[in-house]
Structure formats: structure tokens, C-alpha cells
Amino acid sequence: MHGIPFPKLIAHFIAAVERSGATILRADETSRRPAQMRILGPDGPTVCCVFLWTITLGGGGPAVRPAGERRIQLTNVSRFPLRPGMRTIVGGWSDEFGVYAFWDPRRHRNFSSRSPSLQIRADVLEQARRDGIATFLRPSAEGKEVVVAVDPPSLLWYIQNGEALHNTDTETGAQLVHELISPAPESEQKIIESSRSENETIRRLELVQTMRAFRESRFRPQVLHAYSYRCAVCGCALKLVDAAHIIPVSHPRSTDEIDNGIALCRLHHSAYDNGLLGIRSTHEIILNPDAIRRLRDANLLNGLEEFRSVLPQTIRVPASREACPRPENLRTGLEARQWPRHLVA
Ligand SMILES: [Zn+2]
């Protein structure tokens, strides 16, 4: 397939970033490569310099190229700028797989030929389409390079947190990334404890943190979409809705699976987290008599009647069954917030 013009590539890139909840603060000169922009996301602002091409089969076709290889052809660029405080992004969009792939600009300071190309395997792109992320280790002129492929919902995460993945340049790195997409309990700890050197421990800790941020970044869009961006308690939308964890993040049984999530407005999220408002496994909404007593003792009971008067009997749940809160999670969520035992049901 032929290359997509740069303005179209960058418009698609900006739209994907904005759908993830970020704001593009400045995007001047986006018609020419590289595009300079400031992205305001959940982790603050990121200044970016974006080089994008189309991922294609490359010239010569299957007779010349290895089967299953895809590539970007670096055109009209002599070097990639590396500056402190700026994120240089070198990537390609694959229309065939509907994912992005990103190479490590630190490994390409000097181009060996006039029109070099960077490769990735088709099965890695396919894996990213399926799992949201995949990495791939390839040789480069300046050591081994980790290529990172992500789907559009994870693009913002890659820009703000994904740089660390380019440092996982070991044979096991891609496998560890794969394991950390939805890790079994204890497996994060096992990955860290099986390091063979102090350096490796530091890298693995960083990888575990990066992949936690990846899972969290997937949780929010999935939960909000399932609840049509409205609070499960009061129905309010207004872009004031959070993806709340039913079993709190600090609890060992907490997950970033959709059935441990619920969309709640800021008010009801706070009330849920501090144990004033509860949701039973039957979806019934209840108030905590212990919490009310503590508020009365602290002289903080003002507003309770108004708060109570707008509460419906039960929460609204998503239409799809797998997106509904798991009853077990709702019970554990109440226990973790120290609800009186007779109300946990
Ligand atoms: Zn609400």
C-alpha cells in the first residue's frame, strides 16, 4: 500500500490522543514532519516532536522482503532531535492492523543510508491489535532496539509513560510485557524477585510500574464507555465522571478488569471511597450508619438529607453483562471499606 500523507496521519494521531481524554495545547505546523505539540494528559503536559510515516510492506514485494515484515521508510529527515524536556516520537501507522508502532530515536542518531527503513514483524502488529500492546526486539546500528506497538486507545499512555519500554532490551523483555498485560496475582512480585542483578531489578521495577500505568490507562476508557459516560448512581454526565475501582487499588484483590469498575461522578465517587455510600451485590444503594455517626460526632452532617433525597434504590448497570460489576467484587469493596458486616451482602 502507498504512504498516507503526513497531514492525514497527524490528524488521526491527534484525534486518537484527544479521545483518550487529553487536550492538545499547541499544534502549530502540523502539516509538516515533524509535528510539534504540547499534550495535556492525566500525567501533566508533554512536549512532543512527532515523526510519523505509514507502515507498509516495503518496495520489492514478497520476492525481495522477508515474509511477514513491515516497515517505515524514513523520508526527508537527516536526524532525530533529542532534547531534555521534549519527547521525540518516531513511529508509523499501520492501516492494515489498525495500530501504531514506535521506534527508539536514541538508537537512530546516525542514518547509514539516504533513505533508511525501520522494520517490525506483522505478527507483533497483530498482537498489539489483540492485546493493545506488544514489543519487539530488533538489532540496530546502535545496539538492540525495542519497538513498541500500541492500539489507538493506548496512544496517550505510550506518549506519557511508554518511553521506559524502549529500555527493556533483553530477550525476555517482550515476554515480560506480555505477562504484565493482565498478570496473575503475585506475578509482578515474582518477576522482580527473579532478577539476576541489581540493575535488572531496577529495570524490572520500572517495567512493572510502566505496565501498571498501561492497565490503568485501559481501565478508564473501558468503564466510562460501558456506562455511557454517566454516573451509575445519579446519571450525571457533564465530563464529571470517573472510573472508580470497586475493590480499592490498595487491596490485594483489586484488578483493572472492567467488572471491578463503576462509573461514578466526583461526588458519588468520593462518597463511595470514604465509605458513606455503598453498593450491595444486589445493586442496592445504601448509606453507612457508622459513617453517619462519625460525621455527626465531628459536626459534619450538614447536607445529608439533600444527599440522601436524590439517591435511587439501585445503580444503573451497563447493558453488556461482562461489563457489570461482579457481585463478589461489590461485597469485597464494602468489606475493604469497613462496612458493618450485616450490611455486606
Ligand atoms: Zn453521581
Side-chain angles (χ1 to χ4, degrees), residues 18-23 40-43 153 156 215-251 253-296 298-340 342-345:
E18 286 186 327
R19 259 198 307 278
S20 307
T23 307
L40 187 60
D43 297 309
L156 179 63
R215 296 194 301 272
E216 280 165 28
S217 78
R218 311 282 288 178
F219 178 75
R220 183 183 150 82
Q222 278 181 350
V223 171
L224 292 189
H225 177 77
Y227 287 80
S228 309
Y229 302 86
R230 295 172 66 190
C231 173
V233 171
C234 67
C236 147
L238 307 176
K239 279 183 100 174
L240 290 174
V241 185
D242 297 327
H245 285 86
I246 295 171
I247 304 177
V249 179
S250 54
H251 192 281
R253 292 224 297 277
S254 185
T255 71
D256 287 317
E257 300 297 317
I258 193 164
D259 62 10
N260 189 41
I262 184 168
L264 293 175
C265 70
R266 304 277 157 84
L267 177 69
H268 292 127
H269 189 181
S270 296
Y272 185 64
D273 272 350
N274 68 22
L276 172 63
L277 179 144
I279 301 160
R280 303 178 89 176
S281 58
T282 54
H283 299 165
E284 186 194 350
I285 297 169
I286 49 175
L287 293 180
N288 187 342
D290 288 356
I292 291 173
R293 198 173 311 120
R294 282 195 299 272
L295 289 168
R296 181 177 294 122
N299 207 12
L300 288 171
L301 210 56
N302 225 33
L304 179 69
E305 281 323 304
E306 291 87 337
F307 182 83
R308 197 202 305 261
S309 68
V310 297
L311 296 180
Q313 294 259 303
T314 57
I315 55 162
R316 304 154 207 257
V317 291
S320 103
R321 259 182 86 180
E322 66 258 38
C324 283
R326 240 169 80 169
E328 187 54 39
N329 290 348
L330 288 166
R331 273 192 291 272
T332 310
L334 293 181
E335 279 163 7
R337 294 176 180 90
Q338 271 139 38
W339 277 66
H342 71 278
L343 290 173
V344 177

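Atoms within each ligand, like the ligands themselves, are counted from 1 in listed order. Only this structure's heavy atoms are used, side chains among them; waters, hydrogens and symmetry mates stay out. Quantities reported herein were computed from a predicted structural model and do not represent experimental measurements. Residue indices begin at 1 and follow the sequence shown.
Shown here are the salt bridge (Lys or Arg N to Asp or Glu O under 4.0 Å) partners of R230, two or more places apart in sequence or in another chain: there are none.
Legend: ring pair (Phe, Tyr, Trp, His ring centres under 6.0 Å) pairs involving residues 217-248, not counting sequence neighbours, sorted by first then second residue: F219-H245.
Counting heavy atoms from C-beta outward, L295 and L276 have side chains that approach closer than 4.5 Å. R218 is not listed as a side-chain neighbour of D256, based on a closest heavy-atom distance of 4.5 Å or more. Between V233 and C265, the closest side-chain pair of non-hydrogen atoms is not below 4.5 Å.
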Show the atom names and distances, to 0.1 Å, of all donor-acceptor pairs under 3.5 Å that link a side chain in residues 300-315 to residues at least two apart or in another chain.
residue: S309; atom: OG; partner: E305; partner atom: O; Å: 3.4
residue: S309; atom: OG; partner: E306; partner atom: O; Å: 2.9

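Around the Zn ion (ligand 1), the protein N, O or S atoms closer than 2.8 Å are C231 SG, C234 SG, C265 SG, H268 ND1, listed by chain and residue number.
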